[in-house]
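In what follows, a single structure is set out as structure tokens and then discussed.
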Amino acid sequence: MAPPLFLSFFLRHLLLIVLLLLLPHRNILAHAASGKFDLLLSNIGISAMHMQLLYTDRVVIFDRTDFGISNISLPAGICRNNPRDTALTNDCTAHSVEYDVASNSVRPLMVITDTWCSSGAVMPDGTLAQTGGYNDGDHAVRLYKPCDNDSCDWTEINPGLTQRRWYATDQILPDGRVIIIGGRRQFNYEFYPKTSSDNAAYRLQFLSQTNDPKIENNLYPFVFLNADGNLFIFANNRAILFNHITGSVVRTYPTIPGADPRSYPSSGSAVLLPVKDNNSTESAEVLVCGGAPKGAYLSATNGTFVTALDTCARIRINDPNPQWVMETMPMPRVMPDMVLLPNGNVLIINGAGSGTAGWEFGRDPVFSPVIYRPNNPPGSRFEVQSSSSIPRMYHSTALLLRDGRVLVGGSNPHTHYNFTGVLFPTDLSLEAFSPPYLDPKFKNLRPRIVSPTTQTKIGYHEQLTILFTVSDNLNEASIMVPMVAPAFTTHSCSMNQRLIELSGGNVTAVDGSSKYEIRVMTPNSGNVAPPGYYILFVVHQDVPSEGIWVQIS
């Protein structure tokens with residue numbers, strides 16, 4: 001017997017709803033919450049595959065030397081002559097630029113050796129040390145020392161590394177050195193700068209154990225400095241706590257539930273959630289989001305693009321019995337970038353809804369960023385934001401600027417620059433995403449730091465007095481003072497990204513005006529905050545001030 005007409009109608013529509021919910025890549029959240037994108041430059045000449053913000057408020061951006069002719073020339077008729085280059089032995093175009101945030105302009109820089117899929121970290125003096133790459137660049141160390149004029153450019157040490165480093169990860173250490181971990185077929189690590197007594201590479205068995213044959217899935221491992229001085233190293237679907245001084249594994253963490261890989265080429269992303277300096281060991285948590293399921297890479301090489309993962313996994317590093325806690329994102333995402341915002345929230349941006357990292361292997365671009373609020377109750381942590389119109393696929397990047405915006409660029413899923421006749425053309429643009437806290441309606445809540453001034457030098461475990469203003473009624477309980485270490489970002493891996501919430505006393509009014517003072521304690525050691533440059537903010541009711549640069553040593 002056929003069901004009644006109204007029941008048949010109901011069942012058909014119920015089935016339609018179920019099918020829509022089951023569609024692999026559909027964003028069923030019809031309305032983005034807030035935030036907005038602005039196009040800064042439509043063409044910076046290169047694709048933003050790697051980015052690093054420096055204390056001069058300039059961003060060093062580069063892709064690779066063997067893409068062919070870029071869209072920006074080297075100055076004054078200079079050409080790069082490199083007989084070993086695989087595309088052009090004589091190239092008069094740039095493959096690196098410096099972006100000036102204040103003037104919204106770029107100038108060309110010259111790299112000599114191939115920077116493809118390289119890594120980097122900022123040294124305590126503010127110099128960007130950039131390591132490895134491909135072909136003639138796989139043993140290179142490139143240094144970029146910031147300057148106040150337009151005279152600075154890359155210098156190279158080649159060879160500067162003991163082993164070939166391609167898809168490796170760099171982490172600044174408490175003593176100011178950099179540890180360089182892994183890379184393709186490199187199950188070891190080494191340090192930079194080199195010394196006469198330490199010029200070797202050291203085996204790391206964990207990288208052999210996490211290597212999937214023919215796929216790898218352990219490249220660009222996620223590395224975070226724990227407040228006890230050990231390194232949390234995540235590769236593939238699991239992690240260890242590693243003592244880089246003794247070369248020993250301190251503890252082994254469980255495999256992520258589901259056992260799906262999260263590092264390159266499955267390419268999820270990860271952050272160390274904000275560290276509270278007065279409770280830095282207990283508060284250390286890592287969040288890993290997105291990626292591609294087991295088998296997705298091989299499927300993509302055969303033309304089948306599997307739905308990306310829609311889960312995040314969160315773990316407390318120092319728990320006596322650490323376990324991954326799973327959460328579900330509003331949509332699946334592979335190749336995302338995760339950016340720590342000054343108020344302690346996490347922006348998840350860029351990427352694809354299916355496929356994996358690699359040439360032409362991503363599909364279904366995800367245009368809507370998501371903000372993750374780690375302190376909200378489970379089930380209410382994700383908030384979808386307004387969409388961009390630009391696909392940011394393989395080789396895209398994002399990083400935090402001092403004014404609170406997020407700089408977004410890149411996307412080149414091709415072996416060369418390719419602007420026509422392809423699914424996702426090479427993109428040379430730069431955008432800025434303004435999180436909701438930059439909405440003009442929050443203008444009166446936004447603090448302004450009066451003192452100290454930017455470029456202030458600070459020491460460890462000392463009192464720092466901050467004078468700031470707020471136009472509207474101050475909510476003292478909502479004030480926080482974070483220090484944010486800018487990340488070297490590439491391939492969904494934000495190296496050295498870190499937010500430390502400083503501990504301190506009460507806020508006091510100054511002269512009965514809109515000026516206020518707060519005394520905070522600077523980080524107690526290099527384990528909490530490795531030496532170097534940080535952006536210091538004052539945050540009021542989740543709305544950050546413009547930051548100032550501080551250098552801790």
Open item on the list: Would you say the ring centers of Y394 and H491 fall short of 6.0 Å from each other?
Closed with: yes
Would you check if there is a donor-acceptor pair between the side chains of S119 and T131 at a distance under 3.5 Å? yes
Which atom pairs, one a donor and one an acceptor, fall under 3.5 Å between side chains of residues 534-549 and the rest of the protein, sequence neighbours left out?
unit_1	atom_1	unit_2	atom_2	d
Y534	OH	P530	O	2.6
H540	ND1	L445	O	2.9
H540	NE2	N475	N	3.0
S545	OG	V538	N	3.1
S545	OG	V538	O	3.4
E546	OE2	R402	NH1	3.4
W549	NE1	Y55	O	3.3
W549	NE1	D57	OD1	3.0

Across all chains, not counting sequence neighbours, the salt bridge (Lys or Arg N to Asp or Glu O under 4.0 Å) partners of R262 are none
Test of ring centre spacing under 6.0 Å for F232 and Y253:
yes
query = Salt bridge between R333 and D310, side-chain N to carboxylate O under 4.0 Å?
reply = no
**Asked** Can D212 and K214 be counted as an ion pair, charged N to O under 4.0 angstrom?
**Response** no
List the atom pairs, donor and acceptor, that lie under 3.5 Å between side-chain atoms in residues 296-305 and the rest of the protein, sequence neighbours left out.
unit_1	atom_1	unit_2	atom_2	d
S299	OG	G295	O	3.0
T301	OG1	L298	O	2.6
N302	ND2	L298	O	3.1

- Walk me through it: do Y264 and Y167 pass the test ring-ring contact (aromatic ring centres under 6.0 Å, His included)? CA-CA 8 Å; Y264 187 94; Y167 298 90; 4.7 Å; yes
query: Strictly under 6.0 Å, is that where the ring centroids of H50 and W116 end up?
result: no
Only one of Y189, F206, F234 passes ring-ring contact (aromatic ring centres under 6.0 Å, His included) with F242, and that residue is Y189
*Strictly by modelled atom types, are N321 and Q323 linked by a side-chain donor-acceptor pair under 3.5 Å?*
yes
